[in-house]
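In what follows, a structure is listed as structure tokens, so that the remarks can point back to it.
The figures that follow rest on heavy atoms only: side chains count, while hydrogens, waters and symmetry mates do not. Bear in mind that the values here come from a model prediction, so they are computed numbers and not experimental data. The chains referred to below are lettered A, B, ... by the order of the sequence lines, with proteins before strands, and numbering in each begins at 1.
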Amino acid sequence: MKRTLAMMLSILMLVSVFASLTGCGAKTSINVFNWGEYIDETLLTKFEEETGIKVNYKMYDTNETLLAKMDAGGSSFDVVFPSDYAISEMIKRDMLRPLDFASIPNYKYVDEQTKNLAYDPENKFSVPYFWGTIGILYNKNLVNGPIDSWDVLWDEQYKGKIIMKKDVRDTMGVALKRLGYSVNSTNEAELREAKDSLITQKPLINGYYGDEIKDMIANGDAAMGVTYSGDPMDLYWDDSADFSYIGYVIPKEGTNVWYDAMVVPKSSKNPKAAEAFINFMLDPENAYQNSSSVGYTTPNTEALKRMREENPEIFEMDAYWPSEEMLQKSEIYVDLGEAKAVYNELWTEVRVE
Amino acid sequence: MRLLAWPYVGWMAVFVVVPLLLVLVYSFTSGDIHDVSTWQFTADNFARFNEPTYLKVMGDSFVLATASTSICLLLGYPVAMIIARADIRYRNLLLMFFLVPMWMNFLLRTYAWMSLLSPNGLINRGLQALGLPILEIMPGPWAVLLGMVYNFLPFMVLPIYTVLSKIEKPLLEASSDLGANKFLTFWKVIFPLSIPGVVSGITMVFMPAVSTFVISSLLGGSKTLLIGDVIEQQFTYERNWHFGSSLSIILMIIILLSMAVMSRIDRKPAEGGRAV
């Protein structure tokens with residue numbers, strides 16, 4: 001008797017654990033997994049009010065983290081926001097669901113120039129969300145002379161005041177570009193040279209960080225750091241922040257231009273609701289609000305038009321609207337395939353030194 | 001009554017034993033993590049650890065963990081003693097001072113240290129206002145050490161306090177009756193009796209300290225890579241579960257070995273105590 005009771009108890013316990021893991025709500029909901037500080041969160045509420053679909057919102061910090069989470073399985077995401085090279089890996093590995101563009105009518109607002117890019121040549125799987133660059137964000141009070149080259153990140157006079165990104169592609173990319181190589185190099189000798197230069201640089205840097213970099217530079221804890229173009233724009237739009245001493249530059253050697261797009265993973269349980277969310281984000285009004293809130297450049301033609309009318313000054317800024325000449329010198333990341341392991345190994349070596 | 005342990009046995013089996021076995025299997029195989037048919041037995045994951053890069057990481061982690069455990073012991077023992085000796089009315093209040101910070105999230109506390117220690121942080125602004133030289137430890141190994149000591153100190157104080165508070169007063173009285181001074185009483189009576197608390201304190205501090213990765217990435221700017229960072233990196237970034245698992249197994253073995261050594265120390269003085 002006791003034995004059966006105990007058995008039943010333990011079974012009951014396991015069942016309840018699994019039941020709570022799978023979870024079952026009557027209301028439709030979608031799991032949205034996005035970069036940190038990468039959406040105007042009031043839009044999520046607006047979407048929930050308009051459609052009655054609940055949004056579970058979570059954040060990640062690098063493409064690699066996103067890929068690892070998706071690879072690990074166990075969680076199902078409905079909309080995620082990977083960058084170019086991560087999208088091509090996902091397509092190659094059959095991780096994405098082709099989109100039904102009939103249920104995304106707002107796709108017509110997407111700038112033709114940002115469609116059919118190399119990572120998704122027939123534009124079957126992705127809808128551009130934002131695009132931008134990588135550059136140097138600096139505090140004008142703490143630098144002397146012009147900041148216009150990646151070399152400045154190796155300048156002795158800024159010892160302890162330089163921050164690099166805790167991201168293998170971005171940090172290796174900067175080192176490669178500075179040496180005049182491609183950010184997509186798979187040449188062993190070039191990669192080793194880049195690694196060695198990062199090791200030489202290590203005593204000069206403050207640390208490797210992520211989203212923290214912007215604040216550390218704004219409050220003067222560091223003089224300069226490698227950031228995405230939205231970081232200076234975020235400070236620009238923030239009325240409580242003083243932008244006068246903030247600078248952002250795309251170094252003359254060129255940089256990485258990236259495109260982040262919305263995609264629906266194969267594991268999505270609710271692709272219709274996911275497409276409704278993508279469509280909602282493409283609405284010109286929402287796209288405008290989002291771009292002016294998080295600071296990145298929108299690929300939405302209507303939102304861009306309004307941006308140009310209301311804020312013409314930002315089209316003079318490298319951070320929002322890089323010049324054609326800059327873009328010419330810059331590259332989009334491509335999926336490294338097998339060479340990923342080499343990058344990871346060199347990156348570990350840099351950090352262990 | 002014994003049957004009531006069943007749910008716990010079930011829990012342990014599903015959430016402790018099975019995951020551990022999985023880690024063991026991953027550590028001895030290579031291939032696509034989702035496709036068992038591609039798995040092959042290999043010891044390469046363990047051989048890879050033998051590279052200077054990973055040996056250095058392991059060494060650095062042990063040095064930092066040992067340093068923070070020693071500091072926790074040196075700081076924590078007197079504190080535990082003060083609390084244990086305090087008037088019973090204030091004892092709980094004193095303990096509260098120790099426990100209240102632990103109610104806050106660990107990450108939040110570490111972020112707080114980041115803004116306290118940063119070059120333009122609260123501490124440095126205070127020092128500057130007083131005309132003193134500023135503290136340039138953030139980010140760096142000293143800040144990591146400070147973060148570890150701050151976060152893990154309660155784990156040292158609590159077990160030592162528990163043991164100390166159970167020592168019977170008459171024992172101490174007997175010791176002084178027999179002519180021992182305060183130092184001798186401490187060295188011959190109190191300290192030997194508190195060894196079990198010290199041992200569990202050391203274990204409870206050392207284990208999280210040797211495997212932490214949050215503290216080193218926030219307060220160390222990720223410039224010093226610890227073994228916890230490398231393991232985290234394998235799972236959340238490089239997607240190499242096999243290598244990550246073998247590193248975890250190696251770390252586990254080393255921790256188990258050091259615990260075995262510690263438990264020997266635990267036993268010895270007790271026997272010695274009986275002889276006295």
Side-chain angles (χ1 to χ4, degrees), chain A residues 1-14 17-18 60-73 93 142 160-161 163-168 202-203 205-210 212 215-216 218-223 340-341 343-353, chain B residues 1-15 32-34 48 51-60 111 114-115 117-121 124-125 136 138-140 143 216-227 229-230 232-241 243-244:
Chain A
M1 189 54 206
K2 257 189 192 164
R3 188 176 207 108
T4 18
L5 180 75
M7 276 298 270
M8 271 164 67
L9 266 177
S10 44
I11 289 169
L12 190 75
M13 193 187 74
L14 287 181
V17 165
F18 284 116
Y60 56 85
D61 55 356
T62 60
N63 282 301
E64 287 71 17
T65 317
L66 168 66
L67 278 158
K69 270 268 163 58
M70 286 173 70
D71 253 10
R93 293 178 45 208
L142 299 174
K161 297 274 174 206
I163 311 179
M164 295 295 280
K165 266 196 111 61
K166 190 182 171 184
D167 182 304
V168 57
K202 214 174 157 194
I205 70 167
N206 172 299
Y208 301 101
Y209 283 102
E212 296 92 354
D215 292 331
M216 293 172 85
N219 65 31
D221 286 334
K340 254 191 288 262
Y343 271 69
N344 284 335
E345 203 150 303
L346 296 173
W347 172 226
T348 306
E349 279 175 37
V350 169
R351 291 174 55 202
V352 171
E353 265 319 305
Chain B
M1 262 334 259
R2 253 174 62 197
L3 294 174
L4 283 176
W6 266 89
Y8 178 68
V9 172
W11 177 271
M12 289 292 281
V14 175
F15 295 106
D32 182 354
I33 46 173
H34 294 297
R48 192 173 157 199
E51 286 170 23
T53 318
Y54 300 107
L55 290 174
K56 181 171 186 297
V57 171
M58 193 62 104
D60 288 352
Y111 265 108
M114 237 178 113
S115 50
L117 293 176
S118 63
N120 275 337
N124 279 332
R125 262 183 271 160
E136 284 182 280
M138 220 310 280
S216 58
S217 66
L218 290 179
L219 296 176
S222 299
K223 274 163 77 182
T224 331
L225 207 58
L226 300 183
I227 191 72
D229 293 294
V230 180
E232 188 231 357
Q233 190 100 353
Q234 300 306 318
F235 286 94
T236 65
Y237 208 87
E238 294 187 22
R239 287 173 274 158
N240 190 344
W241 291 22
F243 186 48

Quiz prompt | Contact class of A:Ala341 relative to chain B, heavy atoms under 4.5 angstrom | solution = neither
Exercise. Measure A:Leu67 against the heavy atoms of chain B and call it side chain, backbone, both or neither at under 4.5 Å.
Key: both
Quiz item: Should we say atom NZ of A:Lys69 is surrounded by more than 12 heavy atoms from elsewhere, each under 6.0 Å from it?
Solution: no
Self-check item: Heavy-atom proximity to chain A below 4.5 Å, by part of B:Ser217
Solution: both
Quiz item: Which atoms of B:Leu218 come close to chain A, meaning under 4.5 Å heavy atom to heavy atom: side chain ones, backbone ones, both, or neither?
Solution: both
Self-check item: Leading residue by heavy atom contact count with chain B [cutoff under 4.5 Å; candidates A:Val168, A:Asp221, A:Val350]
Solution: A:Asp221
Exercise. May I ask you to decide if A:Gly210's main-chain N or O and A:Glu212's side chain share a donor-acceptor pair within less than 3.5 Å?
Key: yes
Practice problem: Decide if the gap between the ring center of A:Trp347 and the ring center of B:Tyr237 is smaller than 6.0 angstrom. | Solution: no
Quiz item: Tell me, side chain or backbone of A:Asp167 under 4.5 Å from chain B's heavy atoms, or both, or neither?
Solution: both
Exercise. Check the pair B:Asp229 / B:Ser216 against side-chain hydrogen bond (donor to acceptor under 3.5 Å, both in side chains), numbers first and verdict last.
Key: CA-CA 8 Å; B:Asp229 293 294; B:Ser216 58; 2.9 Å; yes
Self-check item: Under 4.5 Å from a heavy atom of chain B, the part of A:Ile205 involved
Solution: both
Quiz item: Can you say whether B:Lys56 sits under 4.5 Å from chain A via the side chain, the backbone, both, or neither, judging by heavy atoms?
Solution: side chain
Exercise. Can you tell which part of A:Tyr208 gets under 4.5 Å to a heavy atom of chain B, answering side chain, backbone, both or neither?
Key: both
Practice problem: Kindly say whether B:Pro119 contributes a backbone atom to a donor-acceptor pair with the side chain of B:Asn124 at under 3.5 angstrom? | Solution: yes
Quiz item: Hey, are the side chains of A:Thr348 and B:Glu238 touching, using non-hydrogen atoms and a 4.5 Å cut-off?
Solution: yes
Exercise. Determine whether more than 12 heavy atoms belonging to other residues, nucleotides or ligands lie under 6.0 Å from atom CD of B:Glu136.
Key: no
Self-check item: Portion of B:Tyr111 that has a non-hydrogen atom of chain A nearer than 4.5 angstrom
Solution: side chain
Quiz item: Side chain, backbone, both or neither: which part of A:Thr65 has a heavy atom under 4.5 Å from chain B?
Solution: both
Quiz item: Looking at NZ of B:Lys223 and NZ of A:Lys166, how far apart are the two atoms once the value is rounded to the nearest 0.5 Å?
Solution: 14.0 Å
